[in-house]
Amino acid sequence: PTVAIFAPRLRQPLIGPSRRKTAWTAPPTERRRAHSGRRRGGGGGGTEMADGLEEDIWGTDGRVRGKCGLNNLGNTCFMNGALQALSHATPLVLHFLSNRYLSDINVSNPLGTGGRLAREYARMVRDMWFGTAPAISPVGLKRAIARFAPRFAGTSQHDAQELLGYLLDGLHEDLNRVRRSAYVSLPDASLDGPNDRTDRHLRQEYLDYVGADAWDVHRMRNDSTISDDFQGQFRSTCECPSCGRTSVTHEAFNHVSLEIPALRVVVALVFRSVGDGAEEPWAVNPVRVAVKVKANATIGGELKRSLSQICDIPFDRLTMVEIYDNKIHQLLDDNNVVSSIGRNDLIAAYEVNPYTSNFIHAVISLRHIGIVPSDGDGNEETKEKKGLVRFGFPILMSFRSSSTCAEAREHIWRQVRRFCKSPASPPIETKNPGSIEDAVRAGLGGEKIPVRLVDGEEKPKEIKLGPAADPVANGVPTKFELLKRSVLPSSSSEISGCLGEDCTENFVFFAVDWLGPWDEQIDVDAGMRVINHPSVSHADGRPTLDDCFRNFGHPERLDRNNMWYCGRCETHRQGLKTIRVNRLPHILVVHLKRFESRNSFLRERLNTVVDFPICGLDMSRHISESDDFVERPAPAIYDLFAVTNHYGRMGFGHYTAFARNWDIGDGSWSLFDDSMVRPVAEADIVSSAAYILFYQRRLPDLYATND
């Protein structure tokens, strides 16, 4: 079948609400509603609260219920932390408190517990929300969990995420409304390689159709309040490095596990090449940019791409260098990792032409008469010695190898003229009105600024003068003659002929000497002036939740132990695998991977602070591309309602929880530390202890039903 046949099915909201309309909302603080007996539904499961249930939850005395502690039964803080966070998921709470879960219990499901887990969880939720005790003991729920998952029996410490995953899976199987599971085959899609000229829009529609079809197949066997509200869909693609064939699969999830990337903030000076069209030469200053990249990323990869995007300079036109002592100390290898850059290194990125035989790349240093630094031998005569010293930022530039000496000289002048003081009056008429140098030179007695050819140690080198230049006597030149012959002439000779063998080197070195009257024209402050990009003021080394999601969706090359079979090549390949979120759930559970394996025996806990938003998490930038996204009624905006925290080491730590009630409370945060419950400030929520984040989706008012 063609893609056009599939198009009508794409009108369904691929990442929006499920087929049952959801009647609950997750409004932000400024949009909280008055709770005056409004009839509400719960979590897409078709539940409707009985009259007065919301008033009972709110409490006739104005006290918000649900702020009940859980007694520690012996190293069960991991369970208490997960249960407290889950018990504040509004649609799930309403589904159990309204007793609608009873009609969903599936006692014949071999993958479930016969309803025992669901009943014990309902009993605990009712005691927490309608009980009078400040703390309860979840003995029955622990026994139900341990009966079918013996690893959670006893008093050993376990991981809260493992327990939460089992609890969600167990509740889903106990409440699965599908009594007779049909045999279905999971759909798989494949896209052709580089030779496929299918329109991008049609390709995206085809992928959306496959994703919707895979979701329908999943719902044929999985239909519960857990799947309504907690389950989303991943899209996994694997591209063959040989033929380009791409395999696309879809898989349901109830939580997203994110690695915490080790990030580095790299501050770099970006120098743009000044062309002929620069209207104000004194305004062309380098830009200081701060980018946040992974420490193990390559310089020629993520770092260059980030600078290219911020400064709008093509990726292949950027060259990264380190500046030290007013000169280019070294070129940064594109294959080196970002962590090889020192914290105090001055890094610069220059816009130059590609490294081909058509272009000559030149390194330019700026010199003027100044005090030469002492060599430290204690000799008084050398302390006040004057000579040529470097100043300002060095220049890395390129020009065509077919350029004349005059054109090359003019191009060099355009890059360094910002070091010259701006003329107080408009330039006088010259033969070349566009040449700022001529305008300034006219007021200096006609003397041109010397541009010398030098070696890597800034010693003068002789320029091979062509027939258009003044002839010079043959023989070994004296020091004075060599200094004179090193000046780049303003002639029509091709510069490649004048440079001789130097033209074949990777770089040619020039020195612009501000001597005589030009020394008085140096504007040192202007030469060192930089423009700070807004990213500098917002530079923060700690990763954000968006950084974690971007790292999650970053393509990864499979290793040799996990190669993928390409049906076209009929062999295993190290495919390029990418996982993206294709369908978002109403309740988004985010697991931060804080435990990192150093070796087969040691697992280290990461104490990195991940900056996550309390309100307004925008997931639209982290889902698979789709042209229909703007037409979907449910936005991809989430608000935080609970956090499970972990303190200490792996296996010896302690778990707590932060939680609040969006819909049926005042929105204030509480700390749940086993049996203790107390208020906590919102500023304390984001910390290095955050382990599992619980977000609730904002839904528009069209999904809320009024009496």
Side-chain angles (χ1 to χ4, degrees), residues 274 323 325-329 350 352 360-370 372 385-399 401 403-420 435-438 440-441 444-466 468-473 475-522 524 527:
V274 184
I323 296 177
D325 193 21
N326 302 105
K327 67 177 181 179
I328 295 180
H329 178 64
Y350 290 90
V352 295
I360 296 175
H361 293 77
V363 176
I364 303 171
S365 58
L366 308 175
R367 303 186 300 186
H368 72 135
I369 299 297
V372 178
K385 183 180 179 180
K386 289 188 176 182
L388 287 173
V389 294
R390 292 183 298 271
F391 73 95
F393 296 118
I395 303 296
L396 177 62
M397 54 164 288
S398 60
F399 47 84
S401 56
S403 301
T404 64
C405 292
E407 292 172 343
R409 197 180 189 287
E410 183 67 21
H411 190 54
I412 293 174
W413 168 251
R414 282 197 296 267
Q415 314 307 314
V416 303
R417 61 188 177 188
R418 62 187 179 86
F419 292 91
C420 187
S435 175
I436 306 298
E437 182 192 14
D438 290 344
V440 179
R441 182 166 55 86
L444 300 176
E447 182 177 348
K448 287 189 174 184
I449 187 170
V451 178
R452 303 184 188 279
L453 177 66
V454 296
D455 58 15
E457 298 179 356
E458 297 186 2
K459 295 180 179 179
K461 297 183 66 176
E462 182 179 0
I463 291 180
K464 309 298 181 182
L465 297 177
D470 296 334
V472 180
V476 179
T478 63
K479 184 177 180 180
F480 177 78
E481 291 176 342
L482 182 59
L483 191 65
K484 183 178 180 181
R485 297 183 190 183
S486 64
V487 177
L488 183 65
S490 297
S491 66
S492 59
S493 302
E494 284 194 8
I495 191 170
S496 57
C498 295
L499 296 179
E501 296 180 356
D502 291 329
C503 190
T504 61
E505 300 293 335
N506 293 332
F507 294 95
V508 178
F509 296 90
F510 289 100
V512 178
D513 294 337
W514 299 69
L515 303 174
W518 285 98
D519 189 34
E520 301 177 0
Q521 299 299 314
I522 300 175
V524 179

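Reckoned from all heavy atoms, side chains included, excluding hydrogens, waters and symmetry mates.
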Sub-3.5 Å donor-acceptor pair from the side chain of Asp325 to the main-chain atoms of Lys327, do we have one?
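Side chain of Asp325 to backbone of Lys327, a donor-acceptor pair under 3.5 Å: no, none is there.
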
Looking only at heavy atoms, which two atoms of [X] and [Y] are closest? And how far apart?
{"X": "Trp514", "Y": "Leu366", "value": "NE1-CD2, 4.1 Å"}
{"X": "Cys498", "Y": "Cys405", "value": "SG-SG, 3.3 Å"}
{"X": "Ser492", "Y": "Thr404", "value": "O-CG2, 3.4 Å"}
{"X": "Ile495", "Y": "Leu488", "value": "CD1-CD1, 4.3 Å"}
{"X": "Phe399", "Y": "Ala408", "value": "CE1-CB, 4.0 Å"}
{"X": "Val487", "Y": "Arg452", "value": "CG2-NH1, 3.2 Å"}

Among residues at least two apart in sequence or on other chains, which ones pass side-chain contact (heavy atoms from CB on, under 4.5 Å) with Asn326?
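Here the qualifying residues are Arg390.
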
[X] vs [Y] side-chain heavy atoms within contact, under 4.5 Å:
{"X": "Lys461", "Y": "Ser486", "result": "no"}
{"X": "Phe510", "Y": "Leu453", "result": "yes"}
{"X": "Val508", "Y": "Val363", "result": "no"}

Let me confirm one number: the [atom1]-[atom2] distance from [X] to [Y], rounded to the nearest 0.5 Å.
{"X": "Leu499", "Y": "Ile360", "atom1": "CG", "atom2": "CD1", "result": "5.5 Å"}
{"X": "His361", "Y": "Ser401", "atom1": "NE2", "atom2": "OG", "result": "10.5 Å"}
{"X": "Arg414", "Y": "Arg409", "atom1": "CZ", "atom2": "CZ", "result": "12.5 Å"}
{"X": "Phe507", "Y": "Ile328", "atom1": "CZ", "atom2": "CD1", "result": "7.5 Å"}
{"X": "Ser365", "Y": "Phe393", "atom1": "OG", "atom2": "CZ", "result": "15.0 Å"}

Candidate pair Leu388 and His368, rule side-chain contact (heavy atoms from CB on, under 4.5 Å), full reasoning:
CA-CA 5 Å; Leu388 287 173; His368 72 135; 5.9 Å; no

Taking only residues two or more places apart in sequence or in another chain, which ones pass salt bridge (Lys or Arg N to Asp or Glu O under 4.0 Å) with Arg367?
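In terms of salt bridge (Lys or Arg N to Asp or Glu O under 4.0 Å), with neighbours along the sequence ignored, Arg367 is linked to Glu458, Asp513.
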
